[in-house]
Number of protein chains: 2
Amino acid sequence: MAERTMHIPSGSVPPELACPITPVVELIFSRWTTAILWTLHRDGPHRFTELESHIATITPKVLTERLRALERDGLITRTYHPEVPPRVVYDITDLGRSLSPVFAALANWSDNLSDVERARRSFDAKRKRKRR
Amino acid sequence: MAERTMHIPSGSVPPELACPITPVVELIFSRWTTAILWTLHRDGPHRFTELESHIATITPKVLTERLRALERDGLITRTYHPEVPPRVVYDITDLGRSLSPVFAALANWSDNLSDVERARRSFDAKRKRKRR
DNA sequence: CTGTATCCCGCAAGATACTG
DNA sequence: CAGTATCTTGCGGGATACAG
């Protein structure tokens with residue numbers, strides 16, 4: 001873990017006081033955004049409906065919200081083609097691509113999910129025993 | 001970030017269908033948890049009130065909730081010392097420590113936060129221009 | 001096709017007060 | 001000290017309808 005003292009951006013909310021990476025977390029990991037970034041990163045540019053059907057359970061409203069936020073943050077681009085019917089293509093930016101080491105670290109760690117599962121079962125079992 | 005809810009995914013069908021790292025994200029990055037894990041990892045074991053005052057803006061109720069969840073997931077330990085007054089010490093586990101590469105990747109990426117800020121200003125400026 | 005515009009709800013999170 | 005117990009609230013996210 002990095003031991004450096006980092007600048008804490010102003011305008012951030014409470015938890016940052018104790019943890020310098022919280023701003024990054026809150027920036028990147030709002031719900032659905034990893035799915036969107038991951039898709040664009042791995043499979044290239046997508047149109048609105050392509051993303052919609054690929055993520056499957058997201059509603060158009062929420063997808064629009066997330067895409068706007070990601071575009072505003074400079075992580076994806078939105079390209080409008082004035083055709084009939086209109087066509088809009090979303091793609092990941094270099095800034096968005098720079099997240100790949102983060103994603104790789106997360107993907108690596110997913111090996112530990114089974115340990116988490118086991119810990120949960122153990123914890124719940126103990127709780128059940130104490131209850132009765 | 002994170003589920004932002006690491007708690008039992010409510011009624012919704014999870015986004016991990018489109019993104020394999022989403023489960024990890026939802027596990028680790030619920031609000032406050034990075035601050036807790038970061039603190040325990042960097043500064044060693046802490047008592048309840050030590051965490052409370054270190055994170056400063058968290059309420060005891062929420063801190064308890066997060067600590068329980070992290071304990072259940074096997075990422076931290078809770079040790080009760082039956083003294084007078086009672087003493088409880090929280091510490092990070094090996095499983096929790098194994099998140100270091102993830103945190104390091106995130107800390108590294110925080111250099112890009114300034115780019116995000118710039119992108120936001122640019123985006124907002126464009127919006128303003130179009131509006132009038 | 002690519003979105004808005006509304007309305008609505010669950011629940012994480014906050015405030016406050018109290019206890020073994 | 002280390003938490004519960006209760007009540008309230010903000011808002012992310014869902015459902016539905018509709019528009020350019």
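In the text below, chain A, chain B and the rest are named by the order of the sequence lines, each starting its count at 1.
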Legend entry - Minimum-distance nucleotide (side-chain atoms of B/Thr49 versus D/dA2, C/dG14, D/dG20): D/dA2
Legend entry - Side chain of B/Arg66 - closest among D/dG13, C/dC1, C/dA13: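 For B/Arg66, the side-chain atoms sit closest to C/dA13.
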Interatomic distance, [X] [atom1] vs [N] [atom2] [rounded to whole Å]:
{"X": "A/Tyr80", "N": "C/dT2", "atom1": "OH", "atom2": "P", "answer": "10 Å"}
{"X": "A/Glu83", "N": "C/dC1", "atom1": "CD", "atom2": "C1'", "answer": "11 Å"}
{"X": "B/Leu51", "N": "D/dC1", "atom1": "CG", "atom2": "C1'", "answer": "13 Å"}
{"X": "A/Glu26", "N": "D/dC11", "atom1": "CD", "atom2": "P", "answer": "13 Å"}
{"X": "A/Leu63", "N": "D/dG14", "atom1": "CG", "atom2": "P", "answer": "11 Å"}
{"X": "A/Glu50", "N": "C/dC1", "atom1": "CD", "atom2": "P", "answer": "11 Å"}
{"X": "B/Glu52", "N": "C/dG14", "atom1": "CD", "atom2": "C1'", "answer": "13 Å"}
{"X": "B/Ile58", "N": "C/dA15", "atom1": "CD1", "atom2": "C1'", "answer": "14 Å"}

Inset, instruction - Please round to 10 degrees the angle between the axis of the first five pairs and the axis of the last five pairs in the helix from C/dC1-D/dG20 to C/dG20-D/dC1. - result: 50°
Is there a side-chain contact between [X] and [Y] in this structure, where contact means two heavy atoms from C-beta onward sitting under 4.5 Å apart?
{"X": "B/Trp38", "Y": "B/Leu99", "value": "no"}
{"X": "A/Ile28", "Y": "B/Val25", "value": "no"}
{"X": "B/Ile36", "Y": "B/Leu63", "value": "yes"}
{"X": "B/Asn112", "Y": "A/Ser98", "value": "yes"}

Inset, instruction - Could you tell me whether the phosphate oxygens of D/dC1, OP1 or OP2, come under 4.0 Å of any side-chain nitrogen or oxygen in B/Arg47? - result: no
Inset, instruction - May I ask whether A/Ile76 and A/Tyr80 are part of the same hydrophobic cluster, defined by side-chain heavy atoms of I, L, V, M, F, W, Y residues being less than 4.5 angstrom apart, directly or through others? - result: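 Yes, A/Ile76 and A/Tyr80 fall within the same hydrophobic cluster.
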Inset, instruction - Answer yes if A/Leu95 and A/Val89 sit in the same cluster of Ile, Leu, Val, Met, Phe, Trp and Tyr residues linked by side chain heavy atoms under 4.5 Å apart, and no otherwise. - result: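 Different clusters.
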Inset, instruction - Show your working on side chain to side chain contact (heavy atoms under 4.5 Å, CB included) between B/Leu37 and B/Phe103 and close with a plain yes or no. - result: CA-CA 10 Å; B/Leu37 289 172; B/Phe103 283 6; 4.0 Å; yes
Inset, instruction - Could you give me the CA-CA distance, side-chain angles and deciding distance for B/Thr34 and A/Phe29, then say whether side chain to side chain contact (heavy atoms under 4.5 Å, CB included) is met? - result: CA-CA 12 Å; B/Thr34 46; A/Phe29 300 122; over 6 Å; no
N/O to N/O distances under 3.5 Å, protein versus nucleotides 3-10 of chain D:
from  : atom 1 : to      : atom 2 : distance (Å)
D/dG3 : OP1    : B/Arg68 : NH2    : 3.3
D/dG3 : OP1    : B/Arg78 : NE     : 3.3
D/dG3 : OP1    : B/Arg78 : NH2    : 2.7
D/dG3 : OP2    : B/Tyr90 : OH     : 2.7

Legend entry - Residue pairs, two or more places apart or on separate chains, that pass salt bridge (charged side-chain N to carboxylate O under 4.0 Å, His left out) and touch residues 64-81 of chain A: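 Those involving residues 64-81 of chain A are A/Lys61-A/Glu65, A/Arg68-A/Glu71, A/Arg72-B/Asp124, A/Asp73-B/Arg120.
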